[in-house]
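Count residues from 1 along the sequence. What's counted below: heavy atoms across the whole structure, side chains too, no hydrogens, waters or symmetry copies.
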Amino acid sequence: RFPMTGTPAPNGLMDLFGQMYVMDLGYSLGTTLYSFRNRFFTPLPQGTHTLYTLRKGSKKAISKRIKNRVINMRKQDYVALPPIIYNEIKLDLPKKYRKQYDELENTFFVELEKSKIEAFSKAALSMKLRQFLQGKIYIEENGERKTIAIHDEKLQMLKEMVDISNKTTRILEGIGNCIIAYNFKYEREDLKSIFPDAPSIDGQTTDKQSEEYIKRWNLKQIPILLYNPASNPHGLNLQLGGNQILWYSLTWNLEPVSYTHLTLPTN
């Protein structure tokens, strides 16, 4: 077996276990994730969630164990790529929402006009805070998930960037073909309100539709492509249709960020 990846451990060395097990059935890193984790990592309980940090000397020990089974090829030795240009667009939350955000972050609880928001772990809190920044937040009510609207600061900023000179196709001003990456389901509807004709590749897109959108994107027939990185496979080739991506919302997971093969991420 010959696994190949450009991002073997985007979120830490624990990512290596599954890949190495597929290759050598546990010869190098053991036969269970539990034993591998206990041997090389220290658990840090965080309420209902547990974080793991490398034990002292574990990085060297893991590297030694997989050394004879791994070929590491540096991209700078084989591929000539232009530099990545980062264009950070920063927004200040209005004082009202900043106060609510700080209260939620510090106390795991905030009372809004329409609902009370509570997080029961740091992992859940991280998710709630990211949703808050996007302007809407998910809540559970009577066993159903509902969306509570808080603000539209990011959406309004994005609207200001839209070139409306061509009434039939809406594009971002001063930007060529662009992928807009998002993470939450409600963001897709928000983005569709600005770019009604933009196709979307996410969990609701069929394989046939995805293939068609990718083909049209790479032929530069799609000026705006909406894209959820978490719901797509590795090795997705989108580099022919454009070189710019706008991260409308950020993810905690570095893996989809690392395999998005475009040259102008914007936050």
Side-chain angles (χ1 to χ4, degrees), residues 10-12 14 42-53 86-162 172 179-195 198 200 202-204 226-231 245-258 260 265-267:
N11 292 307
M14 202 178 296
T42 299
L44 298 174
Q46 304 288 328
T48 59
H49 182 67
T50 301
L51 299 178
Y52 291 89
T53 60
Y86 295 94
N87 176 24
E88 294 187 358
I89 301 172
K90 296 184 179 181
L91 301 178
D92 287 327
L93 275 176
K95 290 183 179 180
K96 173 184 175 181
Y97 303 121
R98 179 80 247 185
K99 183 178 179 181
Q100 292 173 340
Y101 179 92
D102 290 341
E103 183 178 351
L104 177 60
E105 183 179 32
N106 294 327
T107 67
F108 288 56
F109 176 84
V110 65
E111 186 170 356
L112 305 176
E113 295 177 1
K114 298 181 180 180
S115 181
K116 297 177 181 178
I117 308 301
E118 187 171 9
F120 297 97
S121 68
K122 287 189 176 181
L125 177 64
S126 172
M127 181 70 76
K128 296 293 185 186
L129 292 174
R130 286 189 291 118
Q131 291 173 8
F132 190 102
L133 292 176
Q134 296 309 113
K136 295 180 181 178
I137 201 163
Y138 289 126
I139 64 167
E140 292 290 333
E141 192 173 279
N142 299 324
E144 295 183 4
R145 188 172 75 166
K146 295 186 177 181
T147 305
I148 298 297
I150 303 174
H151 64 82
D152 62 353
E153 297 296 317
K154 267 196 173 182
L155 198 63
Q156 292 303 321
M157 171 60 77
L158 187 59
K159 285 182 179 179
E160 293 179 9
M161 298 170 60
V162 174
L172 292 175
I179 289 176
I180 301 181
Y182 64 96
N183 290 282
F184 302 111
K185 187 175 180 180
Y186 62 74
E187 292 178 302
R188 173 182 174 173
E189 305 307 317
D190 290 343
L191 293 170
K192 282 282 190 179
S193 70
I194 303 178
F195 305 101
S200 175
D202 56 25
Q204 298 180 26
L226 308 181
Y227 173 73
N228 187 329
S231 61
I245 180 168
L246 187 147
W247 285 89
Y248 183 68
S249 61
L250 295 180
T251 173
W252 63 269
N253 190 350
L254 296 179
E255 188 170 15
V257 178
S258 62
T260 303
T266 59
N267 177 12

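Under the 4.5 Å side-chain criterion, counting only non-hydrogen atoms from C-beta, Phe132 is in contact with Ile150. Proximity of Met127 to Phe184: side-chain heavy atoms (C-beta onward) are separated by under 4.5 Å at one or more points. In this structure, Ile179 and Leu246 have side chains that are not in contact, with every pair of non-hydrogen atoms separated by 4.5 Å or more. With contacts defined as side-chain heavy-atom distances shorter than 4.5 Å, the pair Glu187/Lys136 does not qualify. A heavy-atom distance below 4.5 Å is not found between the side chains of Leu250 and Arg130. Two residues are said to be in side-chain contact when any heavy atoms from C-beta on lie closer than 4.5 Å; Asp190 and Tyr182 fail this criterion. The side-chain heavy atoms of Phe195 and Ser200, taken from C-beta on, include no pair separated by under 4.5 Å.
We find that Glu141 and Lys146 are joined by a salt bridge, their nearest charged nitrogen and carboxylate oxygen being less than 4.0 Å apart.
A search for side-chain hydrogen bond (donor to acceptor under 3.5 Å, both in side chains) contacts involving Glu105 returns nothing, not counting sequence neighbours. For Leu133, the side chain to side chain contact (heavy atoms under 4.5 Å, CB included) partners at least two apart in sequence or on another chain are Leu93, Tyr101. Under the side chain to side chain contact (heavy atoms under 4.5 Å, CB included) criterion, Ala124 pairs with Ala119, Ser121, sequence neighbours left out. Scored by the ring-ring contact (aromatic ring centres under 6.0 Å, His included) test, Tyr138 finds Tyr186 as partners (sequence neighbours excluded). Residues satisfying the side chain to side chain contact (heavy atoms under 4.5 Å, CB included) test with Lys95, not counting sequence neighbours, are none. Here Glu118 pairs with Phe109, Phe120 under the side chain to side chain contact (heavy atoms under 4.5 Å, CB included) rule; sequence neighbours left out.
Nearest heavy-atom pair, Glu153 versus Leu91, reported as atom, atom and distance to 0.1 Å: O-CD1, 4.0 Å. Across Lys128 and Ile137, no two heavy atoms sit closer than the pair O-CD1, 3.6 Å.
Looking at Asn183, its side chain does come within 3.5 Å of a backbone N or O of Ser249 through a donor-acceptor pair. Glu144 contributes no side-chain N or O that, together with a main-chain N or O of Ile139, makes up a donor-acceptor pair within less than 3.5 Å. With Ser126 contributing its side chain and Lys122 its backbone, the two residues share no donor-acceptor pair below 3.5 Å. A donor-acceptor pair under 3.5 Å is formed between the side chain of Lys154 and the backbone N or O of Tyr248.
The CG atom of Leu129 lies 4.5 Å from the CG atom of Leu104; values are rounded to the nearest 0.5 Å.
The 12-atom threshold is exceeded at CG of Asn106, counting heavy atoms of other residues, nucleotides or ligands nearer than 6.0 Å.
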**Report entry** From CA spacing to verdict: side chain to side chain contact (heavy atoms under 4.5 Å, CB included), Ile245, Ile180
**Finding:** CA-CA 6 Å; Ile245 180 168; Ile180 301 181; over 6 Å; no
